[in-house]
Every structure is written in C-alpha cells, then in structure tokens.
Amino acid sequence: MPEVNYRMLEKWISRVAEVHGRVVGNIVYVFCDDEYILRTNREFLQHDYYTDIITFDYCKGKVISGDLVISLDTVRSNAEGLGVPYMQEFLRVVIHGILHLCGINDKGPGEREIMERNEDEALELYRTVSEESDL
C-alpha cells in the first residue's frame, strides 16, 4: 500500500467529480492482490483475466457512489512496465474508477482516448491540489 495523504486524495476526488458535474457520495476502496481481483472478475463479471481495477457503480443522479476494487499487484506491474512511478500509476487507477462513476466509459470506439485524456487532466488537477495543500 503506498503512503497516501487521504485528506488530499479526498479533496482531489471531490474536485474531479465537481469538474464532471458530480458530487461524491460513498466510495469504498478495496485494495487487494491479483488473485482476489481475478476471483472478483470471474464471479461478478464472468471475465477470466487479471485487471488493475473493477468499478461497481451505485450512483444516483449526480451523486457518485461505488466500490473500487484495485489490485495493487497489477498497479505495481503496470508501473514497472510503463516505466512510471508506482504512486503515479496508483493515482491513475484510482481516478480511472472515479471517472467511470462520473459516466466516462472506455470500451467503445474512441472512448479509450477520452478516458485517457480525462485521466491526464485529473492527474494535472492532482498536482494543483497538492501544491495548494503545500501552501
């Protein structure tokens, strides 16, 4: 588990939700290993593969709520494969789930690029929130 400033993380997620016209409700984070996320993927989605995140959406109207199941094993291996710091990849995966709750998809034609652009914008916003917190 990376060292996380949860207060700043909550502020960042709230700002990202706000950008997308949403407010944050109840978000549950389940940090797990690869085997747990594989079992979850099989049981709930009938997918037989590893993934970095599974998002269960319980949103109502403009209030985002859901469960984010995140494999820290896959986050680490993705970071290594991409040559990026672990914390950067961790934040990208967290915000990926939040963006799903905000209504952004990544499976249809052109949607992956839209998701990646929104992830990049959210990570830039993280830097802004981080700088504000340092003041």
Side-chain angles (χ1 to χ4, degrees):
M1 198 48 215
E3 279 192 37
V4 176
N5 178 334
Y6 290 101
R7 183 177 256 158
M8 194 174 82
L9 192 68
E10 287 175 5
K11 183 177 179 182
W12 173 52
I13 289 169
S14 291
R15 295 269 295 273
V16 170
E18 183 181 308
V19 164
H20 293 278
R22 306 290 203 282
V23 295
V24 177
N26 188 34
I27 308 289
V28 174
Y29 303 90
V30 178
F31 298 111
C32 62
D33 62 15
D34 275 346
E35 295 313 309
Y36 183 93
I37 207 161
L38 179 61
R39 285 192 307 274
T40 302
N41 216 0
R42 287 174 176 158
E43 180 178 349
F44 293 98
L45 302 175
Q46 291 71 53
H47 297 161
D48 192 24
Y49 54 82
Y50 298 97
T51 187
D52 50 5
I53 184 169
I54 299 172
T55 304
F56 294 98
D57 184 338
Y58 311 126
C59 297
K60 293 203 188 296
K62 299 291 183 187
V63 179
I64 64 168
S65 298
D67 296 340
L68 304 182
V69 182
I70 298 172
S71 171
L72 297 177
D73 292 341
T74 300
V75 170
R76 181 166 308 287
S77 62
N78 286 351
E80 291 169 0
L82 294 168
V84 299
Y86 175 73
M87 188 61 175
Q88 178 181 325
E89 183 64 8
F90 174 80
L91 292 171
R92 187 196 65 76
V93 171
V94 167
I95 213 61
H96 182 92
I98 296 298
L99 290 168
H100 274 307
L101 297 178
C102 289
I104 299 172
N105 297 312
D106 60 354
K107 300 294 184 207
E111 291 179 338
R112 171 90 340 289
E113 293 79 8
I114 293 167
M115 174 63 83
E116 288 173 356
R117 186 182 75 243
N118 279 277
E119 289 171 355
D120 291 344
E121 289 169 1
L123 289 169
E124 187 59 38
L125 185 57
Y126 179 85
R127 288 187 261 297
T128 300
V129 170
S130 176
E131 290 168 4
E132 290 171 2
S133 297
D134 289 343
L135 299 178

Worksheet item: So which pairs with a foot in residues 99-112 pass side chain to side chain donor-acceptor pair (under 3.5 Å), sequence neighbours left out?
Response: H96-H100, H96-D106
Discussion item. Starting from V93, can I reach Y126 by hopping between I/L/V/M/F/W/Y residues whose side chains sit under 4.5 Å apart?
Written reply: yes
Worksheet item: If two hydrophobic side chains count as joined below 4.5 Å and joins carry through other members, does I98 share a cluster with V30?
Response: no
Worksheet item: In chain order, what residues pass the side-chain contact (heavy atoms from CB on, under 4.5 Å) check against D67, with sequence neighbours excluded?
Response: V28, F56, Y58
Worksheet item: Who passes side-chain hydrogen bond (donor to acceptor under 3.5 Å, both in side chains) against Y6, sequence neighbours left out?
Response: none
Discussion item. So, using side-chain hydrogen bond (donor to acceptor under 3.5 Å, both in side chains) as the criterion, who are the partners of T74 when residues are at least two apart?
Written reply: D34, S71
Check: [Y] main-chain N/O paired with [X] side-chain donor or acceptor under 3.5 Å:
X	Y	value
W12	A122	yes
N41	I37	no
T40	Y36	yes

Practice prompt. Check the pair R127, E124 against salt bridge (Lys or Arg N to Asp or Glu O under 4.0 Å), reporting the backbone distance first and the verdict last.
Written response: CA-CA 5 Å; R127 288 187 261 297; E124 187 59 38; 3.2 Å; yes
Fill in: Linked hydrophobic residues, Y50 as query - side chain contacts closer than 4.5 Å
L38
Worksheet item: Sequence neighbours excluded, which residues qualify as ring-ring contact (aromatic ring centres under 6.0 Å, His included) partners of Y86?
Response: none
